[in-house]
Amino acid sequence: MSAILEVENVTKTFGGVVANNNVSLSVPKGSIIGLIGPNGSGKTTLFNSIVGYHPIDSGAVRFQGTELSRLRTPQIARLGLLRTFQQTRIFGKMNCVQNMQISLPHVNDNFATMLRKFPPEVTERAENLLEFVGLYAKRQLRAEDLSFGQQKLLEFAMALMNEPTALLLDEPTAGINPTLINGLIDRLKRANAEFGITLFVIEHNMRVIMNLAQHIYCLAHGELLADGVPEEIQNDRRVIDAYLGAH
């Protein structure tokens, strides 16, 4: 399976602190890949570097063969590579459908004007995706009135609204009520299978990542410690010592 995303020898420092040190990995097209590691291991920094929030110091990042290191975040998003965040980035005073509408890349800051101009097919797509994530019944609720888990589902739907080719998810289950986690896992798998979206997922919940990912990379102290299929990672002594805790 060919790689859709390639990270090659990426190093990123902040004032002398090495956040990522010579990290290399690849994400095959159509796959679900996991990224784990203890707090401070450089996972979120790597995601930020991939999508252009932090310029890398050395190395290369390629998406579908295009070098990303000189591109800005909006340019990378237009190529079909998006990311979500640990803390949701939604518009609390707007309802769910409006959040979906303004997530489109061509929307400017004049929300009131833009909301009157969206064609019916945009609203229909928004509502279909809200149904996909289980929020159709709450489509007219303000986003701030949703639970945190529901807000995460809304943010996921907002990302899908942009029809990404690949999506980086930063701890999608963090802070979610355990009763919602299985539903989220199912929807991530369905988005991968039905929409063909490649998923690269940071996750601390080991049950989730072992159930979700086909291949897992582990970072520690900014460096790649191990990678393999879930069973290999689960039984890798280096990972157990660094992340899961020795038993």
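When reading the values below, keep in mind they use all heavy atoms of this one structure, side chains included, and skip hydrogens, waters and symmetry mates. Computed from a predicted structure; not experimentally measured.
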- Task: Show the numbers, then the answer: is there a side chain to side chain contact (heavy atoms under 4.5 Å, CB included) between Leu68 and Leu81?
- Result: CA-CA 10 Å; Leu68 303 183; Leu81 179 60; 3.7 Å; yes
- Message: With side chain to side chain contact (heavy atoms under 4.5 Å, CB included) as the criterion, how do Leu168 and Thr84 come out once you've worked through the C-alpha distance, each side chain's angles and the decisive distance to 0.1 Å?
- Response: CA-CA 6 Å; Leu168 311 185; Thr84 65; over 6 Å; no
- Message: Evaluate Met158 against Leu154 for side chain to side chain contact (heavy atoms under 4.5 Å, CB included), listing each step before the verdict.
- Response: CA-CA 6 Å; Met158 290 166 67; Leu154 174 60; 4.0 Å; yes
- Task: Could you give me the CA-CA distance, side-chain angles and deciding distance for Arg83 and Leu167, then say whether side chain to side chain contact (heavy atoms under 4.5 Å, CB included) is met?
- Result: CA-CA 5 Å; Arg83 69 156 295 179; Leu167 184 58; 5.6 Å; no
Side-chain donor-acceptor pairs of residues 135-142 under 3.5 Å, sequence neighbours excluded:
residue	atom	partner	partner atom	Å
Arg139	NH1	Tyr136	O	2.9
Gln140	OE1	Asn95	ND2	3.1
Arg142	NE	Glu144	OE2	3.4
Arg142	NH2	Glu144	OE2	2.9

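Between Glu163 and Leu82, the closest side-chain pair of non-hydrogen atoms is not below 4.5 Å. Inter-residue side-chain proximity for Ile216 and Ile209 is flagged as met; some heavy-atom pair is nearer than 4.5 Å. Within the 4.5 Å cutoff, the side chain of Ser103 has no heavy atoms near those of the Asn99 side chain. Between Thr165 and Phe63, the closest side-chain pair of non-hydrogen atoms falls below 4.5 Å. Residues Ile197 and Leu160 are in side-chain contact: their nearest non-hydrogen atoms beyond the backbone lie under 4.5 Å apart. Looking at Ser69 and Val61, their side chains never come closer than 4.5 Å, going by heavy atoms from C-beta outward. Between Leu212 and Leu188, some side-chain heavy-atom pair lies under the 4.5 Å cut-off.
Of all the heavy atoms in Val23 and Val7, the pair that sits closest is O-CG1, 3.4 Å. When all heavy atoms of Leu35 and Leu219 are compared, the pair lying nearest together is CD1-CG, 3.9 Å. Shown here for Ile90 and Ala143, the closest heavy-atom pair between the two residues is CD1-CB, 3.7 Å. For Gly34 against Ala213, the heavy-atom pair with the smallest separation is N-CB, 3.6 Å. Closest of all the heavy-atom pairs between Val10 and Ala60 is CG2-O, 3.5 Å. Of all the heavy atoms in Ala226 and Asp236, the pair that sits closest is CB-OD2, 3.7 Å.
Under the 4.5 Å side-chain heavy-atom criterion for ILVMFWY residues, a single connected hydrophobic cluster contains both Leu180 and Leu129. Hydrophobic clustering (ILVMFWY, side-chain heavy atoms < 4.5 Å, transitive): Leu199 and Val229 are in distinct clusters. Val18 and Tyr53 are members of different hydrophobic clusters when ILVMFWY side chains are connected at heavy-atom separations under 4.5 Å.
Phe200 pairs by the ring-ring contact (aromatic ring centres under 6.0 Å, His included) definition with Phe47, not counting sequence neighbours. Take Gln214 and apply the side chain to side chain donor-acceptor pair (under 3.5 Å) test, not counting sequence neighbours, and it matches no residue.
Put simply, the side chain of Asn192 never gets that close to the backbone of Thr198: no donor and acceptor are under 3.5 Å apart. Of the possible donor and acceptor atoms, one in the side chain of Gln150 sits under 3.5 Å from a partner among the backbone N and O of Ser147. With Thr11 contributing its side chain and Asn22 its backbone, the two residues share a donor-acceptor pair below 3.5 Å. Side-chain atoms of Ser24 come within 3.5 Å of backbone N or O of Asn9 as a donor-acceptor pair. Looking only at distances, no side-chain donor or acceptor of Thr173 sits under 3.5 Å from a matching main-chain atom of Ile181. A donor-acceptor contact shorter than 3.5 Å is absent between the side chain of Asn162 and the backbone of Pro164. Using a distance-only test at 3.5 Å, with no hydrogens or angles considered, no donor-acceptor pair links the side chain of Lys12 to the main chain of Gly222. Thr13 places no side-chain N or O within 3.5 Å of a backbone atom of Gly16 that could act as its donor or acceptor partner. A distance-only check finds no donor-acceptor pair linking the side chain of Ser31 to the backbone of Val27 [under 3.5 Å]. Panel note: side chain Lys43, backbone Gly37; a donor-acceptor pair is recorded below 3.5 Å.
Considering CG of Leu153 and CG of Leu130, their distance stands at 10.0 Å, rounded to 0.5 Å. Annotation: the span from Leu184 atom CG to Phe156 atom CZ amounts to 7.0 Å, rounded to 0.5 Å. Atom CD of Glu155 and atom CD of Gln151 lie 9.5 Å apart (nearest 0.5 Å). If you take CD1 on Ile233 and CD1 on Ile240, they are separated by 10.0 Å, rounding to the nearest 0.5 Å. Separation of atoms CG (Leu5) and NZ (Lys29) is listed at 13.5 Å; rounding is to 0.5 Å. With values rounded to the nearest 0.5 angstrom, Leu104 atom CG is found 4.5 Å from Met161 atom CE.
Note on ring orientation: taking the six-membered ring where Trp is involved, the planes of Phe195 and Phe132 are tilted (angle from 30° to 60°).
Sorted by first and then second residue, the salt bridge (Lys or Arg N to Asp or Glu O under 4.0 Å) pairs involving residues 208-234 (not counting sequence neighbours) form an empty list. Counting only residues at least two apart or in different chains, salt bridge (Lys or Arg N to Asp or Glu O under 4.0 Å) contacts with residues 185-196 comprise Arg190-Glu194. Sequence neighbours left out, the pairs with a member in residues 46-65 that pass salt bridge (Lys or Arg N to Asp or Glu O under 4.0 Å) are Glu6-Arg62, Glu8-Arg62.
Counted by atom type alone, Gln64 and Thr66 present zero donor-acceptor pairs between their side chains at under 3.5 Å. A donor-acceptor contact under 3.5 angstrom links the side chains of His204 and Asn39, judged on distance only.
With Lys152 as reference, Ile176 is the one residue of Ile176, Leu169, Leu146 to meet the side chain to side chain contact (heavy atoms under 4.5 Å, CB included) rule.
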